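The structure presented is a predicted model; accordingly, all values stated were derived computationally and were not measured.
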Amino acid sequence: MTDRCPARMYDPADLPGMTFDPVFLELLRDEPVARIRMRYGEGEAWLLTRYEDVKFVTSDPRFSRKIMGRPFPKMTKHHIPMDRAISFSDPPEHARVRRVVARDFSPGSIERLRPTGREIMHRYLDELVASGPPADLVRHVTSPFPMAVLGELMGIPESDRQWLIDCSSQVLSMAPDQAAVDRINGIKAEVAEYFLALVESRRADPRDDVVSTVAAARERGDLDDEEVGAMTVLLALNGWHAVRNNSTNMVYVLLTDPELRSRLKADLALVPTAVEELLRYIPHKRGIGQPRIATEDVDIRGVRISKGDVVYVSYIAANWDEEVYPEPDRVDLDRPEVPHLAFGHGPHYCMGPMLARMESQVLLSSLLTRLPDLALAVPPEQVAWQPNALIRGPVELPVTW
């Protein structure tokens, strides 16, 4: 058994465009089970980067997500989810809460939402065209679109959606000091109170939306108020931010890869395949996600992970594992189908993958159809990327047509 290796400092940098984290490339090649320290928190942790190891850890019950109240190293001073979020729970508690909204995010429910998604997209494209080129695709399309679709699904009034966008942008920042942490915690509490009030209003006026589903679960006693707040905050804020950035990244790749764009324009049936390959290819997050705690000694690649050790995995790195994806740095629509890990794996698999897929498919198909001559209005190197953000994406995407 390999002795415990010395820990290295891991502090993810702001990287432009589709630049892949060079630390991940090094670890994939030389140290797939690595010992790390981070800027915040306490102690050391393991970081796993290989595809099969990431799948193993995220599906094995010996690695627990019940980390609250324990010291561990972390990337930020604050927790992104609220304390009672399902991010910090294990089955069966995790499954109990997740089951409440499973039907709302099922493939059938999301497919029924697709025509509405198309209508919303074309409305935003009308506004983009009316504004005249050059225009910022983020402001006109890729930012409002996912919140509008999510708002229809969840039952969020249109008048409140921009406020939630503003809240999400702050919550998913790096929070460099305690004042920022306090502000972010205050925002999360405010959004939780907002959704609790909205849930309460649905008791007398139930509708066909997620908020009404949650209201019924609360009425039955299946969820308490803290769980209601934690779940709705997670769905609304993370659900918008992830799709906003990833869909913008996809358009950026499309506009900087003439061969890919030409092939999709010639065959729109390839768009779903392209979305899956882009989800694998794009390094859409900065750093690593939530940790796990080993509840028993476990051996991985000849390395002993001891009971009580903190373990992180990188889905981003796993999606570039050359043993699974030859030439991972290339967008390849003919790649043999191997499920990517962009939405995670195991019990904590993302709750909204079908929604994110549908939104990205609608976006790319609509742009290719409505604006076949869409192009960047600036050289690629002049596109500004969000600084100090946990989810990577352009600040603006200036386009012309």
Side-chain angles (χ1 to χ4, degrees), residues 1-13 20-81 85-91 94 174 283-325 328 340-350 390:
M1 191 61 55
T2 302
D3 292 335
R4 177 163 296 201
C5 53
R8 64 185 295 163
M9 184 68 184
Y10 177 62
D11 192 8
F20 198 78
D21 190 331
V23 175
F24 288 166
L25 292 177
E26 179 186 342
L27 294 180
L28 278 166
R29 182 184 65 244
D30 301 329
E31 196 178 359
V33 183
R35 196 79 179 153
I36 62 168
R37 296 176 290 109
M38 285 186 276
R39 183 186 301 186
Y40 302 107
E42 302 175 37
E44 299 177 354
W46 296 102
L47 172 58
L48 280 69
T49 49
R50 291 275 180 86
Y51 183 90
E52 292 300 335
D53 299 339
V54 168
K55 287 181 64 179
F56 170 72
V57 167
T58 54
S59 58
D60 192 301
R62 292 174 295 179
F63 295 96
S64 169
R65 288 288 285 268
K66 290 185 176 181
I67 61 167
M68 299 307 295
R70 305 186 61 145
F72 58 90
K74 53 186 180 178
M75 291 196 324
T76 62
K77 290 179 69 68
H78 67 300
H79 296 297
I80 301 301
I86 60 173
S87 306
F88 302 133
S89 64
D90 294 331
H94 171 269
M174 292 297 289
H284 61 280
K285 290 183 180 180
R286 182 178 180 222
I288 48 183
Q290 302 296 333
R292 290 167 169 79
I293 303 293
T295 60
E296 301 178 17
D297 292 353
V298 182
D299 298 334
I300 300 178
R301 293 187 184 269
V303 177
R304 169 64 52 86
I305 294 177
S306 301
K307 179 179 179 180
D309 282 357
V310 178
V311 182
Y312 282 93
V313 300
S314 172
Y315 295 121
I316 300 294
N319 280 337
W320 275 47
D321 186 344
E322 289 185 320
E323 294 183 357
V324 180
Y325 306 105
H340 61 73
L341 301 179
F343 296 118
H345 184 71
H348 285 271
Y349 186 72
C350 175
L390 294 171

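- Between Tyr40 atom OH and Lys74 atom NZ the span is 10.0 Å, to the nearest 0.5 Å.
- Taking 4.5 Å as the limit, some side-chain heavy atom of Phe56 sits within range of a side-chain heavy atom of Phe63.
- A donor-acceptor contact shorter than 3.5 Å is absent between the side chain of Asp321 and the backbone of Arg50.
- Between Val313 and Leu341 the shortest side-chain heavy-atom distance does not fall below 4.5 Å.
- Note that CG of Asp299 is 9.0 Å distant from OG of Ser306, once rounded to the nearest 0.5 Å.
- Between Asp297 atom CG and Asp309 atom CG the span is 8.0 Å, to the nearest 0.5 Å.
- With sequence neighbours left out, the side chain to side chain donor-acceptor pair (under 3.5 Å) criterion links Tyr10 to Asp21.
- Proximity of a side-chain donor or acceptor of Arg65 to a complementary backbone N or O of Ser87 within less than 3.5 Å is detected.
- For Arg39, the salt bridge (Lys or Arg N to Asp or Glu O under 4.0 Å) partners are Asp11, not counting sequence neighbours.
- Between Lys307 atom NZ and Thr295 atom OG1 the span is 7.5 Å, to the nearest 0.5 Å.
- Distance check: Phe88 CZ to Gln290 CD gives 4.5 Å after rounding to the nearest 0.5 Å.
- The closest donor-acceptor contact from the side chain of His340 to the backbone of Ala318 lies at 3.5 Å or more, if one exists at all.
- Closest of all the heavy-atom pairs between Pro328 and Trp320 is CG-O, 3.5 Å.
- Sorted by first then second residue, the salt bridge (charged side-chain N to carboxylate O under 4.0 Å, His left out) pairs that include residues 52-62, not counting sequence neighbours, are Asp53-Arg301, Asp60-Arg62.
- Every ring pair (Phe, Tyr, Trp, His ring centres under 6.0 Å) that Phe72 has, sequence neighbours left out, goes to His79.
- Scanning all heavy atoms of the two residues, the minimum distance from Lys66 to Ser64 falls at N-OG, 3.0 Å.
- Taking the side chain as every heavy atom from C-beta outward, Ile305 and Val57 never approach each other to under 4.5 Å.
- Here Ser59 pairs with nothing under the side chain to side chain donor-acceptor pair (under 3.5 Å) rule; sequence neighbours left out.
- Within a 6.0 Å sphere centred on NZ of Lys285, other residues, nucleotides and ligands contribute 12 heavy atoms or fewer.
- Across all their heavy atoms, Trp46 and Arg35 have their closest contact at NE1-NH1, 2.9 Å.
- Pro347 and Thr58 get closest at one heavy-atom pair: CD-O, 3.4 Å.
- Between the side chain of Tyr312 and the backbone N or O of Pro73, at least one donor-acceptor pair lies under 3.5 Å.
- The shortest non-hydrogen separation linking Pro283 to Phe20 is CB-CD1, 4.0 Å.
- Between Leu27 and Arg8, the closest side-chain pair of non-hydrogen atoms falls below 4.5 Å.
- Arg37 contributes atom CZ, which lies 14.0 Å from atom CD of Glu42 (distance to the nearest 0.5 angstrom).
- Nearest heavy atom pair, residue Thr49 against residue Leu28, reads O-CD2, 3.3 Å.
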If you apply the rule side-chain contact (heavy atoms from CB on, under 4.5 Å), what do you find for Ile293 with Val310, and how did you get there?
CA-CA 5 Å; Ile293 303 293; Val310 178; 3.7 Å; yes
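- Considering only residues two or more places apart in sequence or on other chains, His284 meets the ring pair (Phe, Tyr, Trp, His ring centres under 6.0 Å) condition with none of them.
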